[in-house]
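See below for the structure under consideration.
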Amino acid sequence: MFNTVAWKDGAVRLIDQTKLPTEVSYVDCKDVEAVAEGIKSLRVRGAPAIGITAAFGLALAARQITDSSFEPFYKNLLVQCDLLAATRPTAVNLFWAIERMKQLTLSLKDQALDRIRDILLAEANTILEEDISMNHRIGAFGADLIPSGAGVLTHCNAGALATGGYGTALGVIRSAWAKHQNLKIFADETRPVLQGARLTAWELHQDDIPVTLITDNMSGYFMKKGEIQACVVGADRIASNGDAANKIGTYSVAILAKAHDIPFYVAAPTSTVDFDMASGDEIPIEERDPSEVHTIGGKEMTPKGVKIANPAFDVTPAELITKIITEKGIFEPKEIRSAR
Ligand code: MRU
């Protein structure tokens, strides 16, 4: 098994997801700039994983800020919070983790700085461990929704690679697989960055869970043939009305699921719920570099100069979501605010 994010010898160690599946290698981020670069360039990605990484990034920053009194130390830490917050706009877990580290630091202002540094590192480890245990709970709740023999479709990667470990949507699939080993898992390849093809397929393969990889435009075909009985995806931000942002293409899968009367589940920890946001219309959607669409594996796929759009996420309205599976239980999307 691999660690997606870990503290190792005074650095933040990430499995480099840009290299998977052909190369399993790790990158040691030795300063907060390297951590920010790792998030921005998708070496680490997935909403919970980037939150955890930011928490370790701030623990690292705290060790490198040399001030000897609280005020300048905290001021410098806030600069690093801003640097990390500017990496990716959509996943709320990033801002949630930064805020948790900030509030903890403020609550410790009367303590010795070295003690604050130690407590911040311990907190980042706690966020990591809490995430893994939440995912196991999500998996246990969600497994009850997956019938024996079902075909289950997932989109993007909401697995161990996108979290502290075990995964949210893949946590549900792992737990359901442990219960009845007769499921047929389908993974969308997830253009443009291929998180499904490169990461979900790799992760499930590592666990000996059979997976059938399909291109993004095949899901309707398999739904119509009656081969899919449930869709399970993760989320980057869930608004308080139950609308959920996730990887681009998720909305299309939800529409197809509705048309075929197939349940569509969103699996996410409550750290992904933005309780202060009224609706999904307010979720900022990251626009990524056109080169992600222009090339596949470094090879040019489009005519030079052609206009390209590259929104990284879309929002699935609550009406299309059958249930939201969290570590606190299973919610009607419209009732997700009661998970606070
Ligand atoms: O751009 P990415 O790879 O960070 O997008 C990730 C997703 O959309 C995941 O489905 C989501 O973060 C849930 S991860 C448990």
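Whatever order the structure lists them in is the order used to number ligands and atoms, beginning at 1.
- Checked against a 3.5 angstrom limit, the closest N/O atoms of Gly234 and ligand 1 fall outside it.
- The CD1 atom of Ile238 lies 13.0 Å from the CZ atom of Arg337; values are rounded to the nearest 0.5 Å.
- What sits closest to atom 15 (C) of ligand 1 on the protein, heavy atoms only, is Thr168 OG1, 3.1 Å.
- Within 6.0 Å of NZ on Lys30 lie no more than 12 heavy atoms contributed by other residues, nucleotides or ligands.
- The shortest separation from a heavy atom of Ala312 to ligand 1 is not under 4.0 Å, leaving the residue out of contact.
- Between Arg191 and Glu292, no side-chain nitrogen of the basic residue sits less than 4.0 Å from a carboxylate oxygen of the acidic one, so the salt-bridge criterion is not met.
- Residues passing the side chain to side chain donor-acceptor pair (under 3.5 Å) test with Glu282: none are found, sequence neighbours excluded.
- Ring-plane geometry between Phe70 and Phe73 is classed as tilted, the angle between the planes lying from 30 to 60 degrees on a 0 to 90 degree scale.
- When Asn246, Thr250, Val266 are checked for heavy-atom proximity to atom 10 (O) of ligand 1, Asn246 turns out nearest.
- Checked by atom type and distance alone, the side chain of Asp188 never pairs as donor or acceptor with a backbone atom of His155 at under 3.5 Å.
- Scanning the protein for heavy atoms near atom 5 (O) of ligand 1, the closest one is Lys247 CE, 3.3 Å.
- Using a 4.0 Å cut-off between charged nitrogen and carboxylate oxygen, Asp274 and Arg237 count as a salt-bridge pair.
- For the 3.5 Å distance criterion, the side chains of Ser41 and Glu37 qualify, holding a donor opposite an acceptor.
- Below 4.0 Å from some heavy atom of Gln195 lie the following atoms of ligand 1, by number and element: 1 (O), 2 (P), 3 (O).
- Counting heavy-atom neighbours within 6.0 Å of Asp261 CG, excluding the residue itself, gives a total of 12 or less.
- For the pair Thr168 (side chain) and Gly234 (backbone), a donor-acceptor distance under 3.5 Å is absent.
- Residue Ala158 has at least one heavy-atom neighbour below 4.0 Å for each of these atoms of ligand 1: 14 (S), 15 (C).
- Shown in contact with Arg88 at under 4.0 Å from a heavy atom are these atoms of ligand 1, numbered in order with element: 1 (O), 2 (P), 4 (O).
- Considering backbone and side-chain atoms together, Phe313 places no N or O closer than 3.5 Å to any N or O of ligand 1.
- Note on ring orientation: taking the six-membered ring where Trp is involved, the planes of Tyr166 and His136 are parallel (angle under 30°, cut-offs 30° and 60°).
- Which of Gly249, Ala160, Ala235, Gly51 comes nearest to atom 13 (C) of ligand 1 through a heavy atom is settled by distance: it is Ala235.
- For ligand 1, none of its N or O atoms has an N or O atom of His155 under 3.5 Å away.
- Using a non-hydrogen distance threshold of 4.0 Å, Asn157 registers as a contact of ligand 1.
- The protein heavy-atom contact nearest to atom 7 (C) of ligand 1 is Asp236 OD1, 3.3 Å.
- Under a 4.0 Å criterion applied to the non-hydrogen atoms of Ala47, ligand 1 contributes the atoms 12 (O), 14 (S).
- Nearest non-hydrogen protein atom to atom 6 (C) of ligand 1 is Arg45 NH2, 3.5 Å.
- Within ligand 1, counting atoms from 1 as listed, the ones closer than 4.0 Å to a heavy atom of Ala162 are 14 (S), 15 (C).
- Residue Thr163 touches ligand 1 through its side chain alone, judged by heavy-atom distances below 4.0 Å.
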